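One structure is given here, and the rest of the page talks about it.
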2 protein chains.
Amino acid sequence: MAGIKDVAARAGVSISTVSYVMSGKRSIKAATKERVMQAARELGYTPSLNARTLRGEPTKVLALSSPIHDYTDYSNYALFFFALATRAKRYGYDILLLMHEYGDQELTRVVSSGMVDGILLLDVLMVDSRAEVAKTLDVPTVAVGYPSNSDGVYSVDLDFERMGREVIEKAYALGHRKILMVGSTGFAYEDGSNYLVRCRDAAVKRGADLGVSVMFKSSTGYGMADVKLLLDEAFSEEPDLSMIICQTNSAHIQNLQVALQDRGLRVPQDISLMGACTYGTAQSTRPVDEMPMQPSQVCSRAVDLLMEVLEGHRRDVGYVELMSPEYLARGTMGLRGN
Amino acid sequence: MAGIKDVAARAGVSISTVSYVMSGKRSIKAATKERVMQAARELGYTPSLNARTLRGEPTKVLALSSPIHDYTDYSNYALFFFALATRAKRYGYDILLLMHEYGDQELTRVVSSGMVDGILLLDVLMVDSRAEVAKTLDVPTVAVGYPSNSDGVYSVDLDFERMGREVIEKAYALGHRKILMVGSTGFAYEDGSNYLVRCRDAAVKRGADLGVSVMFKSSTGYGMADVKLLLDEAFSEEPDLSMIICQTNSAHIQNLQVALQDRGLRVPQDISLMGACTYGTAQSTRPVDEMPMQPSQVCSRAVDLLMEVLEGHRRDVGYVELMSPEYLARGTMGLRGN
DNA sequence: CTGAAAGCGCTTACAG
DNA sequence: CTGAAAGCGCTTACAG
């Protein structure tokens with residue numbers, strides 16, 4: 001590893017001259033400059049980031065806190081990672097990946113040891129302890145998600161409460177009055193996974209306002225057996241269901257469609273079907289109407305916001321920005337049959 | 001951010017004493033030690049990693065080079081990330097995520113600026129330029145994959161050539177003589193994605209040896225329309241196909257099963273079906289026989305190997321370790337019908 | 001136009 | 001049992 005001394009020796013100048021040539025912060029005689037550049041090139045010299053950081057310069061690294069819960073849908077994680085990493089790179093930032101169950105100490109560790117300039121939070125809970133920890137840290141935090149204890153962080157997310165309301169309004173307009181909402185698996189709701197809970201609760205509340213009954217059932221699994229069992233239970237409790245909303249994924253919805261067919265129910269003539277909080281079903285054999293997560297848009301905005309803060313353009317911690325959800329029609333929502 | 005000076009002042013000792021208390025490299029009088037610990041706790045002191053690194057200590061960070069190609073199957077990336085991050089953490093290492101199209105400069109940059117102690121390569125090509133770059137860098141590289149220019153790196157992977165051979169041997173034993181192999185989408189094969197190519201080529205070669213015809217077709221997409229078109233072409237070229245091998249994913253295989261059913265073909269009575277290089281279809285409506293990638297096992301071993309190198313226990317760059325693939329039976333492989 | 005030197009926050013050989 | 005000081009590789013105010 002060539003250091004600044006090596007370059008200086010080779011070019012026959014002082015180390016400060018090398019430094020100034022590299023940074024361009026001082027005008028250097030063309031000839032000298034050229035000698036230095038040449039030496040640096042020959043030695044493959046890159047200034048040590050650690051030495052720079054020690055002097056107080058930014059590390060140009062962002063911590064990405066990605067909790068892993070039993071209900072985490074790995075298959076979609078990469079979309080967020082990619083969106084975040086790509087956007088961050090545009091600003092010259094790298095991503096330090098923290099995959100953990102509960103990330104409080106992890107965050108404290110990487111910040112207090114000076115490894116990162118800022119923090120991105122993924123998979124936020126309704127009450128997220130990381131948002132508390134963030135208050136004690138001296139780098140800004142942007143949550144990709146909207147915790148209710150949002151006062152110590154910046155938050156960017158889709159407006160999942162609005163999504164919940166709009167799903168029900170759509171259903172109502174089509175004449176549906178008895179709706180089944182199929183939730184994700186595991187302890188997502190008990191833990192308080194923020195978007196699932198917000199969307200569900202807003203849907204249930206809007207249903208109550210409009211006189212639409214919304215029966216919620218979380219999934220025990222996405223396999224065929226789980227799906228059938230859930231449908232058996234739901235229809236025995238409420239035989240007049242005319243619509244199903246899924247907060248699940250492509251594979252589950254696929255299975256659900258087969259299970260409905262097995263029951264002799266046609267979509268959308270006999271029963272309407274849509275996804276909410278899904279990650280896209282367009283690739284599926286039978287895509288469904290959906291209001292998807294929009295990782296790319298949300299993540300880009302999250303990084304942009306963090307940059308605004310890091311560049312000193314804003315200091316309004318607690319700021320929350322909610323983006324509008326989108327409705328994608330695929331023909332699986334219809335008027336209530338009879 | 002409290003520094004070592006603050007702690008020293010608060011405890012009324014010199015900074016070297018604080019350092020020795022933190023590291024435990026010198027015996028300190030119990031009372032002094034306690035005062036220092038107390039002060040450190042009160043100030044929330046964590047030694048600066050940058051200062052340490054500057055003195056030549058390891059950064060405890062590993063670079064993870066994750067190329068993004070047009071054919072990259074995002075949905076499975078997270079599995080590798082998670083397996084790698086989890087294993088690395090066990091050794092106290094964090095992961096610096098590099099998501100890029102071609103990562104040569106990225107690797108040079110993070111290494112020469114002193115950000116990482118080692119490198120992990122994902123999604124390796126048959127001839128991977130990153131393996132060339134690795135030779136010029138002074139930290140070790142472990143490829144999760146097996147490039148043919150493996151002399152500058154350590155390689156860990158499933159034995160995909162063996163997988164290709166075993167798939168054909170299995171088919172042969174069941175009487176199949178005309179086989180369709182459905183490949184991944186995009187430029188995966190042109191680019192030379194190492195495992196896809198190795199598995200396919202070994203299968204074709206073994207087929208030639210045994211007198212089994214293996215027709216290979218890469219996918220134009222995983223949607224229903226693509227699948228049907230591919231089947232139309234394949235059957236018109238070879239009406240006697242009795243088996244299909246898929247180097248694709250769950251969603252594609254799902255669609256394929258529907259398409260076969262539409263053609264009036266039963267699995268496995270009329271046609272046998274299996275996946276190779278897949279990421280698991282157990283969750284699917286109709287799981288298939290498969291020889292899957294095994295991210296968790298391969299990634300764990302890759303990290304272990306990198307640690308062996310970093311700890312100085314081995315210095316045999318170019319070492320290649322291939323793990324045995326596994327066969328998972330789900331009842332979609334049968335004797336050739338007639 | 002360029003250089004000598006202080007200092008960032010640590011660790012560790014040297015001294016007592 | 002503990003402290004003063006050198007040095008890791010940089011940047012930048014100070015000097016010429």
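The figures here come from the full heavy-atom set of this structure, side chains too, leaving out hydrogens, waters and symmetry mates. The model shown is predicted, which means the values in this text are computed figures rather than measured ones. Proteins come first, then strands; the chains are lettered A, B, ... in the order of their sequence lines, and each starts at number 1.
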* Polar side-chain contact B/Ser16-D/dA4 base: donor and acceptor under 3.5 Å -> yes
* Would B/Lys89 and B/Asp94 pass as an ion pair if we require N to O under 4.0 Å? -> no
* Any B/Ser48 side-chain nitrogen or oxygen under 4.0 Å from OP1 or OP2 of C/dG9 -> no
* **Residue-phosphate contact under 4.0 Å: B/Ser19 side-chain N/O, C/dC10 OP1/OP2** => no
* Which is true for B/Arg52 with a 4.0 Å heavy-atom rule: it touches a base, it touches only sugar-phosphate, or it touches nothing? -> sugar-phosphate
* Output yes when at least one side-chain N/O atom of A/Tyr20 is less than 4.0 Å from OP1 or OP2 of D/dA13, else no. => no
* Asked: So, is B/Lys25 near the phosphate of C/dT12, with a side-chain N or O under 4.0 Å from OP1 or OP2?
  -> yes
* Grab the NZ-P distance between B/Lys5 and C/dC8 for me, whole Å please. => 4 Å
* Structure fact -> Here the distance between atom P of D/dT2 and atom CE of B/Met22, to the nearest Å, is 16 Å
* Could you state the atom-to-atom distance from CD1 of A/Ile28 to P of D/dT12 in whole Å? => 13 Å
* Do B/Ser65 and B/Arg130 get their side chains close enough for a donor-acceptor pair, meaning under 3.5 Å? -> yes
* Within less than 4.0 Å of OP1 or OP2 of D/dG3, is there a side-chain N or O belonging to B/Thr17? -> yes
* Asked: Can you find a donor-acceptor N/O pair under 3.5 angstrom joining the side chain of B/Arg26 to the base of D/dT2?
  -> yes
* Rounded to whole angstroms, how far apart are NZ on A/Lys29 and C1' on C/dG3? -> 14 Å
* Asked: With a non-hydrogen cut-off below 4.0 angstrom, is B/Gly3 in contact with a base, only sugar-phosphate, or nothing?
  -> sugar-phosphate
* **Watson-Crick or G-U counterpart of D/dA13, or none if no pair lies under 3.5 Å** => none
* Thinking salt bridges, do B/Lys135 and B/Asp151 make one under a 4.0 Å N-O criterion? -> yes
* Structure fact -> Applying the 3.5 Å cut-off to both distances, the Watson-Crick or G-U partner of C/dA4 turns out to be none
* To do: Scan side-chain atoms only and decide if B/Arg41 and B/Gln38 contain a donor-acceptor pair under the 3.5 Å cut-off.
  => yes
* Asked: Roughly how many Å is it from CD in B/Glu57 to C1' in D/dG9, rounded to a whole number?
  -> 15 Å
* To do: Quickly work out the B/Arg55 CZ to D/dC10 P distance and round it to whole Å.
  => 16 Å
* Between the main-chain N or O of B/Asp128 and the side-chain N or O of B/Asn149, is there a donor-acceptor pair closer than 3.5 Å? -> yes
* Distance check: side-chain N/O of B/Lys33 vs OP1/OP2 of D/dC1, anything under 4.0 Å? -> no
* **Side-chain N or O of A/Ser14 closer than 4.0 Å to phosphate OP1/OP2 of C/dA4** => no
* Tell me which of B/Gly12 and A/Thr46 sits closer to the 5' end of DNA chain D, going by the nucleotide each one is nearest to. => B/Gly12
* Would you kindly compare B/Thr32 and B/Ala51 by the position of their nearest DNA chain D nucleotide and give the one closer to the 5′ end? => B/Thr32
* Hey, which sits more toward the 5' end of DNA chain C by its nearest nucleotide, A/Ile15 or B/Ile4? => A/Ile15
* Asked: Side-chain donor-acceptor pair under 3.5 Å between A/Ser19 and A/Ser16, yes or no?
  -> no
